[in-house]
Structure formats: C-alpha cells, structure tokens
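Encoded as structure tokens, the structure appears first; notes follow it.
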Amino acid sequence: MTKRIVVDPITRIEGHLRIEVIVDENNVIQDAFSSSTLFRGLETIIKNRDPRDAGFIAQRICGVCTYSHYKAGISAVEDALGITPPLNAQLVRSLMNIALILHDHVVHFYTLHGLDWCDITSALKADPAKAAKIAFKYTDYPLSAGEDELKAVQKRVSDFVKQGALGPFNNGYWGHKTYHFSPEQNLIVLSHYLKLLEIQREAAKMTAIFGAKQPHPQSLTVGGITSVMDVLDPTRLAEWKSKFEKVADFVNRAYWPDLIMAGNEFKNEQSVTKGCGLTNFIAHEEILIGKGQNLLSSGIVLDGDISKLIPIDENLIKEEVTNSWYTYENTEETQLQPYDGQTNPKYTGFKDGQSIGPDGKLIDTKLLDLKGKYSWIKSPRYDGVPMEVGPLAAVVVGLAAKNPYITPVATRFLKESGLPLNALFSTLGRTAARCIEAKVIIDNGLKTLDALIENLKSDKETCAPYVIDKNKEYKGRYIGQVPRGMLSHWVRIKNGVVENYQAVVPSTWNAGPRDSKGQKGPYEMSLIGTKIADITKPLEIIRTIHSFDPCIACSVHLMDAKGNKISEYKVDPAFARI
Ligand code: NFE
Ligand code: MG
C-alpha cells in the first residue's frame with residue numbers, strides 16, 4: 001500500500017514550499033509533487049509603469065537575489081530601447097553580481113543546507129585535537145579548525161544546548177542514519193557554520209560598495225550606473241578587493257575542503273547519489289570579466305550528454321499553467337512565450353485526505369489535488385521540455401562547452417573527492433556544483449576588477465544617453481545567470497509605459513509542477529526513487545530539495561497590488577521541518 005508524506009513548510013529556504021511524496025511499502029518514493037502555497041504579484045504591478053522603474057519594482061520580487069531582478073529589469077528595458085551601457089557600468093554590474101553569487105553560495109551551503117549534512121549533536125562528542133588534525137586531510141590551510149578554536153566552538157554550542165533552548169537547531173533530525181560525517185568532521189563543519197556569519201557580512205558589503213545598500217541596491221539606472229564617485233575612488237575599489245579576498249579565503253579553506261569531505265563520506269549514500277531523474281540542463285553566459293568575455297557559458301545539455309552542447313533559441317522558452325493556480329485567457333495555446341505571457345490567478349484549493357503524521361500513523365489532512373492545479377508556480381519549458389537550471393546546469397553546460405574556467409575546477413573537484421563524472425547528476429553533485437561555481441568565481445573574479453581599473457584610465461563613461469519615443473513600441477529581454485540559475489525578464493513597452501512584463505525565474509524552472517503532457521519538474525523528478533529511512537523523519541526529501549537552494553518568493557512573484565487579503569494560511573507545525 002502506498003502512503004503520502006507531506007513536508008510543509010520546508011524551512012531554511014526563501015518562501016513557502018510544500019512537498020508531497022507517495023512512498024511504497026519499502027518507503028521508496030514513487031511520485032512527488034512540488035507546490036508553492038505562497039501568492040504574490042510583481043509582474044502585474046510593473047504593468048503601466050514607467051519602464052525606467054521596472055528594475056526597481058522587479059527587485060522586490062525577492063529579498064534574497066534582489067540584485068538579480070534589479071539588473072534583469074534594468075537590462076531588459078535597455079535591450080528594448082537598444083541601449084548598450086558603457087563598459088565601466090557593465091563591469092561594475094558584474095562586480096555586484098560576483099558579490100551576490102558568492103554571498104548566496106556560502107550562505108546556502110552553511111546556513112540553509114549545512115545541517116542536512118552536519119549533525120550538530122555528533123559534533124558535541126568530537127575530540128577537538130583529533131578534529132584539528134583531520135582538517136589537514138582536505139586542505140593545507142584549514143580555516144577556523146585549530147584545536148583551541150574547535151574547543152571554543154564546541155563550548156559555545158554545548159552551552160547553548162544546555163540551556164534547553166535549541167533555537168536554530170531545534171526540530172533537527174539529529175542522529176539520522178543518513179548523516180555520514182564522524183563527530184570530528186561534524187565539528188569542523190559546525191565551526192565553519194559559525195564563521196560564515198562573519199563572512200556573509202563581508203560579501204553583503206561588497207554589493208553595497210557599488211550599490212549604496214544591500215539588499216535592494218539603488219545604483220543601477222537604465223543606461224548605466226549612478227555610483228560614479230565610488231567607482232572613481234581607489235579606496236572603494238580596494239575595499240571591494242579586500243572583502244573579495246576574505247570571501248575567497250573562506251571558499252578555499254572552508255567551503256571547498258568541506259565539500260571534498262562530503263564527496264568522500266557521502267559517496268555511498270543512495271539518497272544523495274541516486275541521480276537527478278531529469279538530466280536536461282540549461283544555463284546562460286554571465287559574469288563579465290573583460291569586454292565581451294564571460295566566465296560562464298550558454299547552452300543546453302540534454303539527457304546528461306555533455307558531448308553535445310545545444311545553443312539556446314530564446315523563442316523556445318515558454319511557460320504553462322495546466323497544473324498551476326492560473327489560467328491563460330483568449331488563447332488556445334497551453335504554453336506562452338514570455339513576451340505574451342499572462343498572470344491570471346485561479347485558486348482551486350486542496351482536497352481532503354490522509355497522510356503520515358509525525359508519529360508515523362495516518363492522520364486526516366488537506367492534501368494537494370494531484371489530478372488538478374496544485375501550485376502557485378508556473379511550469380517553464382524549453383521546446384516543450386522541462387530543464388534544470390542552477391550551478392549544476394552551469395557546470396554541466398560549462399563542461400560541454402569546454403569552458404576553460406569551469407573544466408579544470410570541476411575536474412579537480414571530482415579527482416579530490418573521488419567521485420566519477422556521473423556523480424555530478426545527483427543531489428551530492430548539485431551541492432558540489434554550487435561550490436565549484438563559487439571556486440570558479442573566486443579564482444577569476446579579480447579579472448573584472450582589473451578590467452575596470454584598466455578601462456578607467458582612458459574612459460570615465462558610466463551612463464549611455466537614450467530617449468523613449470512614446471509613439472513607438474519596443475520589446476526586449478534580459479537572459480542571464482544568477483545564483484540559482486538562468487533568469488530571464490521580458491518586457492513590452494507601448495505609449496511610453498510597460499505593456500507587459502514577465503519574469504521566468506530559476507526556482508520557477510526547478511520547482512514548477514507537471515505540464516499538460518504530465519512531464520514533472522526538476523524537484524519532483526529528483527525525489528523519485530529515493531528511499532526514506534524513517535518516514536517520520538524525511539531528511540532525505542529536505543536534503544535533496546535544499547540542494548536546489550529554493551527561492552519561492554522569486555518563483556511566484558505574485559501578490560494583490562491593492563494589498564487586499566487574498567487568503568489566510570495556517571501552518572501546522574507538525575509538518576514543518578528545519
Ligand atoms: Ni529569490 Fe533568485 C536567484 C532569481 S530565484 S533568489 O538566484 O532570479 O531562483
Ligand atoms: Mg513569471
């Protein structure tokens with residue numbers, strides 16, 4: 001007999017995500033459903049506004065990758081108006097993107113995902129002297145892993161635990177059999193978990209140097225940038241560089257070795273190595289390091305075949321809403337290209353049913369309507385096919401493109417962790433790919449700063465002039481790569497205002513529900529075949545979903561523009577998991 005497991009909400013992510021899976025009598029996942037239960041509305045708000053404001057409003061799509069949507073909104077309007085921003089502006093935008101991606105990746109692995117790999121309670125039993133020695137196995141210069149530092153970490157956390165208030169560590173599945181680090185290895189990761197709190201501040205400041213603040217920077221404008229005084233001030237450039245070096249040091253001496261250790265210790269854990277299910281990947285070039293030169297590559301890899309790199313035809317990017325709480329009106333099409341995309345909500349609710357309760361017994365509850373609409377997220381498709389986006393896609397596409405920056409780093413990772421190439425197509429590979437991408441960026445990010453300094457010697461331009469002709473119609477888009485994968489914004493301008501605006505966001509690609517052909521999205525496919533060791537503690541589901549770094553605010557980007565109450569939600573703590 002099959003049983004339904006519900007995890008709602010998945011925490012340590014942005015937004016509200018519900019996962020329902022169906023397991024067989026051996027607790028192996030047979031089917032999976034990804035649902036956003038959050039409703040917002042930014043695409044609609046941008047309509048009828050001045051196009052120069054689109055980026056400012058679009059960045060409110062998210063509180064995490066605010067800058068991604070800001071840059072995308074500004075760039076889409078520039079594309080529509082035929083504006084090329086000066087090289088200085090392009091390079092400064094790239095410095096901000098570097099800062100955001102590095103910030104997101106380290107925060108993701110430690111704050112959001114780390115406790116899926118690291119068992120805090122085990123770390124408290126570790127021998128710090130032994131742990132300090134073990135740290136040298138993974139790097140010649142371990143960070144925050146000296147014996148005294150590790151003792152202090154242990155004391156700090158055990159004092160906290162003794163108070164009986166576990167705080168951020170409450171409700172964890174400590175002792176779960178799919179944790180594979182030794183107590184000493186857990187202590188090393190725990191030490192980095194705490195150290196990261198300092199490092200993430202430095203990374204956030206890197207964006208603020210050229211953005212005035214972070215989150216929600218303010219210095220991009222259609223045509224260029226406004227942070228001219230910062231760009232012309234050598235001390236500001238040096239400040240960015242010194243913070244970059246601190247983050248780079250953390251990536252080299254903590255993040256990279258910890259992921260090598262995870263590769264070593266989890267390589268036989270079925271729930272993280274069993275394969276993605278869906279092995280279609282799409283990624284876009286990004287991270288300008290010099291005029292016309294990007295660190296990351298564009299393209300598509302189908303069925304995990306990295307011997308073939310397929311170029312992207314952007315007309316084939318479409319979204320459908322068959323299983324999403326929307327309708328398409330005045331059209332026969334099931335999928336719409338984003339220039340003509342629609343955002344019309346149609347909520348159909350939940351169904352009565354039974355699922356596994358926290359004690360393993362069946363309980364009556366509200367469940368997703370598996371035959372109907374079940375998510376606020378749309379289903380993006382490329383040429384009708386679902387695709388995974390994100391750092392794993394960037395690495396896979398980079399390998400297919402023989403990208404000279406990505407290939408050696410990915411190869412080194414596989415060698416040091418002892419994993420075969422096909423191990424990349426898994427939860428473990430997805431988590432590793434984020435670290436590989438971070439390493440590619442820290443190895444090359446200063447090229448962008450050097451290119452800016454060099455260009456400033458002969459060119460001080462920061463903004464291109466332009467006019468908006470109210471009698472003309474325009475359309476344009478931005479397609480690029482942001483922390484969670486390929487992002488595109490699409491705008492039509494008419495009568496001097498935005499006529500239509502659509503964002504097709506990384507987490508939408510990954511978290512979207514089935515389409516009219518029954519093709520499942522990447523989250524759903526990645527769970528099928530996973531064996532759950534204990535159905536009352538579905539850590540395997542959480543670990544795999546966290547490996548995508550979900551951002552549900554981004555993927556829905558819908559709300560009532562007038563601030564009206566649309567619906568009321570009550571979260572049942574019985575289903576919430578850290
Ligand atoms: Ni809200 Fe985002 C990123 C964008 S969404 S975090 O990265 O765009 O997946
Ligand atoms: Mg959208």
Side-chain angles (χ1 to χ4, degrees), residues 13-17 34 36 38-47 55 58-73 75-76 96-105 107-108 112 207 215-216 283-284 286-287 296 317-321 324-326 328 335-345 375-381 388-394 434 437-438 477-491 500-512 521-523 545-559:
I13 65 164
E14 212 300 322
H16 300 68
L17 178 70
S34 160
S36 165
L38 171 90
F39 182 66
R40 301 175 73 240
L42 275 288
E43 287 165 336
T44 318
I45 292 175
I46 299 170
K47 277 193 191 180
Q59 70 165 298
R60 266 67 194 179
I61 284 175
C62 183
V64 179
C65 62
T66 65
Y67 176 68
S68 307
H69 295 291
Y70 184 26
K71 177 168 173 276
S75 308
M96 293 170 71
N97 207 19
I98 287 170
L100 178 75
I101 297 178
L102 288 176
H103 175 273
D104 272 24
H105 286 5
V107 169
H108 173 256
L112 305 176
T207 306
H216 300 302
H284 202 274
E286 190 67 82
I287 309 188
L296 308 179
I317 296 174
K318 296 188 178 165
E319 289 188 304
E320 78 164 70
V321 294
S324 313
W325 284 312
Y326 304 99
Y328 282 163
Q335 299 192 345
L336 295 178
Q337 213 274 338
Y339 279 130
D340 302 313
Q342 300 182 14
T343 304
N344 317 307
S375 181
W376 284 112
I377 300 178
K378 295 178 180 174
S379 309
R381 295 292 180 261
E388 174 167 343
V389 301
L392 177 56
R434 201 166 253 101
E437 190 176 270
R477 89 290 176 262
Y478 159 87
I479 309 181
Q481 194 77 7
V482 296
R484 286 160 198 77
M486 189 180 78
L487 169 68
S488 57
H489 280 213
W490 310 71
V491 62
N500 198 17
Y501 199 94
Q502 292 285 318
V504 185
V505 180
S507 295
T508 316
W509 282 96
N510 289 338
Y523 284 13
I545 294 299
H546 278 167
S547 73
F548 288 92
D549 195 3
C551 179
I552 305 308
C554 260
S555 37
V556 181
H557 46 263
L558 267 178
M559 64 190 260

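Remember, it's 1-based here, ligands and their atoms both numbered in the order they're listed.
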Which residue and atom name correspond to the protein heavy atom nearest atom 9 (O) of ligand 1, and how close is it?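 Going atom by atom, the protein heavy atom closest to atom 9 (O) of ligand 1 ends up being Ser507 OG, 2.7 Å.
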Students should be able to answer this: which protein heavy-atom is nearest to atom 2 (Fe) of ligand 1, and at what distance?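 Among all protein heavy atoms, the one nearest atom 2 (Fe) of ligand 1 is Cys65 SG, 2.3 Å.
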Ligand 1-proximal atoms of Glu14, by part, heavy-atom distance under 4.0 Å: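 None of Glu14 does.
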Which atom of Glu43 approaches the Mg ion (ligand 2) most closely (N/O/S):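 Restricting Glu43 to its N, O and S atoms, the minimum distance to the Mg ion (ligand 2) goes to OE2.
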Give yes or no for whether the N/O distance cutoff of 3.5 Å, strictly under, is met between Arg484 and ligand 1.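 Yes: some nitrogen or oxygen of Arg484 is under 3.5 Å from one in ligand 1.
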Contact check: His69 vs ligand 1, nitrogen or oxygen atoms, below 3.5 angstrom: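 By distance alone, the answer is yes.
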Calculate, to the nearest 0.5 Å, the distance between atoms CZ and OH belonging to Arg60 and Tyr70 respectively.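 Output value for this atom pair is 9.0 Å.
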Could you check Val64, Asn510, Val505, Val389 and say which one makes a side-chain contact (heavy atoms from CB on, under 4.5 Å) with Arg484?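 Result for side-chain contact (heavy atoms from CB on, under 4.5 Å) with Arg484: Val64.
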Can you tell me if Cys551 has an N, O or S atom under 2.8 Å away from atom 2 (Fe) of ligand 1?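 Of the N, O and S atoms in Cys551, none lies under 2.8 Å from atom 2 (Fe) of ligand 1, which means no.
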Report yes or no: does Cys62 have an N/O/S atom closer than 2.8 Å to atom 1 (Ni) of ligand 1?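 Looking at Cys62, which is the residue asked about, there is an N, O or S atom under 2.8 Å from atom 1 (Ni) of ligand 1.
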Will you find, in the side chains of Gln502 and Thr343, an N or O donor that is under 3.5 Å from an N or O acceptor?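 Yes, because at least one side-chain N or O of Gln502 sits under 3.5 Å from a partner of the opposite role on Thr343.
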Under 4.0 Å from a heavy atom of [X]: give me the atoms of ligand 1 that qualify, with their elements.
| X | result |
| --- | --- |
| Cys554 | 1 (Ni), 2 (Fe), 4 (C), 5 (S), 6 (S) |
| Val505 | 4 (C), 5 (S), 8 (O), 9 (O) |
| Leu487 | 8 (O) |
| Pro483 | 7 (O) |

Taking every non-hydrogen atom, the tightest pair across Ile552 and His16: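 That would be CG2-O, 3.4 Å.
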Do you know which two heavy atoms are closest between Ala511 and Tyr523, and how far apart they sit?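 Where Ala511 meets Tyr523 most closely, the heavy atoms are CB-CE2, 3.2 Å.
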Less than 4.5 Å apart, side chain to side chain, heavy atoms only: is that true for Ser68 and Pro483?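 In short, these two side chains touch, coming nearer than 4.5 Å.
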Answer whether the closest heavy-atom distance between the side chains of Ser324 and Ser379 falls below 4.5 Å.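 A side-chain contact exists here, since the closest heavy-atom pair is under 4.5 Å.
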Got a salt bridge between Arg434 and Asp104, using NZ or NE/NH1/NH2 to carboxylate O under 4.0 Å?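 Salt bridge between Arg434 and Asp104, a charged N being under 4.0 Å from a carboxylate O: no.
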Salt bridge present between Glu286 and Lys71 (N-O < 4.0 angstrom):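 Result for this pair is yes, salt bridge flagged.
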So, is Ala503 placed with an N/O/S atom under 2.8 Å from the Mg ion (ligand 2), counting both backbone and side chain?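 It does: Ala503 brings an N, O or S atom closer than 2.8 Å to the Mg ion (ligand 2).
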